Asks: 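Okay, here's the structure, questions in a sec.
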There are 2 protein chains.
Amino acid sequence: MLTASPLIPMLRKLEYWATLAEADREALLTLPYILKTIEPKGMIVREGDQTTHACVIRSGFVYRHKVVANGARQIVSLHMSGDLVDLQNALLHTADHYVQALTRSELAMVPRAAIRRIAADRPAIGEAMWHDTLVDGSIFREWIANVGRRDARTRLAHLLCEFALRLAAAGIGEENGYELPMTQEQLGDCTGLTPVHVNRMLKSLSDDGLIHRSKRAVAIADWQGLLIAGDFQSGYLHLPDEKVAMMR
Amino acid sequence: MLTASPLIPMLRKLEYWATLAEADREALLTLPYILKTIEPKGMIVREGDQTTHACVIRSGFVYRHKVVANGARQIVSLHMSGDLVDLQNALLHTADHYVQALTRSELAMVPRAAIRRIAADRPAIGEAMWHDTLVDGSIFREWIANVGRRDARTRLAHLLCEFALRLAAAGIGEENGYELPMTQEQLGDCTGLTPVHVNRMLKSLSDDGLIHRSKRAVAIADWQGLLIAGDFQSGYLHLPDEKVAMMR
DNA sequence: CGCCCATTTGACAGCTTTCAAATCGCGTGG
DNA sequence: CCACGCGATTTGAAAGCTGTCAAATGGGCG
């Protein structure tokens, strides 16, 4: 049975950022990698690790987080199929944060050296990866603003909007809702809130008819309303125009 | 009269991240640029701008910020001599945030095309710039954690530590203190606090003998104490070992 | 000397956290 | 098939950190 390369979603994503020649595409898809499956909550990288690989997500969800002195945890980013997680850790040698699986995930681990080589040999790929890093940075900036200056309800709504749009852009969203693979505690760790307050704000959004909830899933009931409630503008994701069409 | 190239501080910084050949250095220093002087509060880039240049700071301080729905502002990064600000805006075309001068600043504006060309033609430079972007991202992550999960006093102390160390690394710090070129309102915008509360927390740090204040300046009175108060660990700055020696 | 902006300080309000307890969902075992 | 058990979700009440509002003080500059 044929299995599609786990690197294809990454290729698709890099092509957002730069136009690649056929030879570039081939070089990307022949990158060496080791497939790895991680169970929920499984650690992929620990802060302080000397890292040697970057990872490409084939399926599942992954998050990165930091731990502060009082033991509290802050999730700094969420990742999904096609994301090139952890170029940071791979190129900077020492990990400055944790990388952990949210759900069961399949990862392609690509050696640091191979990444550096392909980026150096093929400028278009180097540029695409650099762009990817820049977009990562843009999302970080939005999160700083989200956590720093928005109230709890807005923060959560913003997170839900971002996740929906990114899922759609990656081609793994459903019509008007999606499985939110996070517990309320994890949502709190993304937004700098306590799980209790996340629960209340989720209820508030739900009561106002902006979302529907069932079990672990969240469905967006009123996309326009949620965009406003979340003070959400998609520019910072730097998605190609056609990808944000769904937002209109 | 001879004037040193405004690009020299950038060169020095890029050399933290990758070893450059003589030809690389020369190519960097012959990058085309336009010198520009900006007064305090002067806008360098506006959100939504179609940007065409990145800027290298020769002197002064610059910050980047975002504005959320209720009008509040969040500063997402601070920059100083040698920093390559705004590769993001330059390579991603549409600015997703503002760039503004904190103090009178001299900037070298380098055209986007020149940056792309040098990064593509000279892999070592491309890699160094990419690293620089990655370190930027690492600082963003720390800020997310700072704003999201630390209390007000710790946040401020953390910011003061970071600024001190980065100044020292850039070679523009003094012995045991520095001019903090920010108003308390701007400190609040960095930390997600109100100016009033910044004032109180500064007083608290001062009362505890961790810092001394006079006018706009802050002197660090007890470096060890401030590190602890700020839950500060320098790893995320990814500075070369000798640069963090002062922290010991 | 006088104006203006930044800093300080106090009192009070309010959003979010904390602490606790009840309920729910779901996999496991009887 | 139903009971049990554990983690996640909900809800309530009260405390606390930070924000808001207002006014006084201070410092720099014309």
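Predicted model, so just to flag it, every value in this text is computed and none were measured.
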Asks: Can you check whether A:Q184 has a side-chain N or O nearer than 4.0 Å to OP1 or OP2 of D:dG7?
Replies: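 So the side chain of A:Q184 is outside the cut-off, no N or O lying under 4.0 Å from OP1 or OP2 of D:dG7.
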
Asks: Within this structure, what is the NZ-to-P distance between B:K203 and D:dG26, rounded to whole angstrom?
Replies: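 My rounded result for the distance is 14 Å.
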
Asks: Can you check the A:L180 CG to D:dA8 P distance for me, whole Å?
Replies: 15 Å

Asks: Whole angstroms only, please: what is the CZ-P distance between B:R213 and D:dG27?
Replies: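 Checked: the CZ to P distance equals 13 Å.
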
Asks: B:R149 has an atom CZ; how far is it from atom P of D:dT18, in whole Å?
Replies: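 Answer to the nearest Å: 14 Å.
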
Asks: Within this structure, what is the CG-to-P distance between B:L193 and D:dT20, rounded to whole angstrom?
Replies: 11 Å

Asks: Is a donor on one side and an acceptor on the other found under 3.5 Å between the side chain of B:R150 and the backbone of B:R155?
Replies: no

Asks: Considering every strand and a 4.0 Å limit on heavy-atom distances, what is the contact class for A:L202: base, sugar-phosphate, or nothing?
Replies: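 No contact.
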
Asks: Closest approach of B:A221 and B:G209, non-hydrogen atoms and distance?
Replies: CB-O, 3.4 Å

Asks: Measure CE/B:M201 against C1'/D:dC17 and give the value in whole Å, please.
Replies: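 For the pair B:M201 CE and D:dC17 C1', the rounded distance is 9 Å.
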
Asks: Check the angle between the aromatic planes of B:H65 and B:Y63 and answer parallel, tilted or perpendicular using the 30° and 60° thresholds.
Replies: tilted

Asks: Hey, are B:S77 and B:H79 close enough side-chain-wise for a donor-acceptor pair under 3.5 Å?
Replies: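 Short answer, yes.
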
Asks: CD of B:E185 versus C1' of D:dT20: gap in Å, rounded?
Replies: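 My rounded result for the distance is 14 Å.
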
Asks: Do the charged groups of A:D83 and A:R166 touch, with an N to O distance under 4.0 Å?
Replies: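 Answer for the salt bridge query: yes.
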
Asks: Does A:N199 place a side-chain N or O at less than 4.0 Å from the phosphate oxygens OP1/OP2 of D:dT10?
Replies: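 A:N199 to D:dT10 OP1/OP2: side-chain N or O found under 4.0 Å.
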
Asks: Working to the nearest 0.5 Å, report the span between NE2 of A:H158 and CG of A:L226.
Replies: 10.5 Å

Asks: Would you mind reading off the distance between A:R155 atom CZ and C:dT16 atom P, rounded to a whole angstrom?
Replies: 7 Å

Asks: Looking for any heavy atom pair under 4.0 Å, which part of the strands does B:G188 touch: base, sugar-phosphate only, or nothing?
Replies: nothing

Asks: B:F140 vs A:F140 aromatic rings, parallel, tilted or perpendicular, using cut-offs 30° and 60°?
Replies: tilted

Asks: Would you tabulate the nitrogen or oxygen pairs shorter than 3.5 Å linking the protein to nucleotides 18-28 of chain C?
Replies:
| from | atom 1 | to | atom 2 | distance (Å) |
| --- | --- | --- | --- | --- |
| C:dT18 | O4 | A:R200 | NH2 | 2.9 |

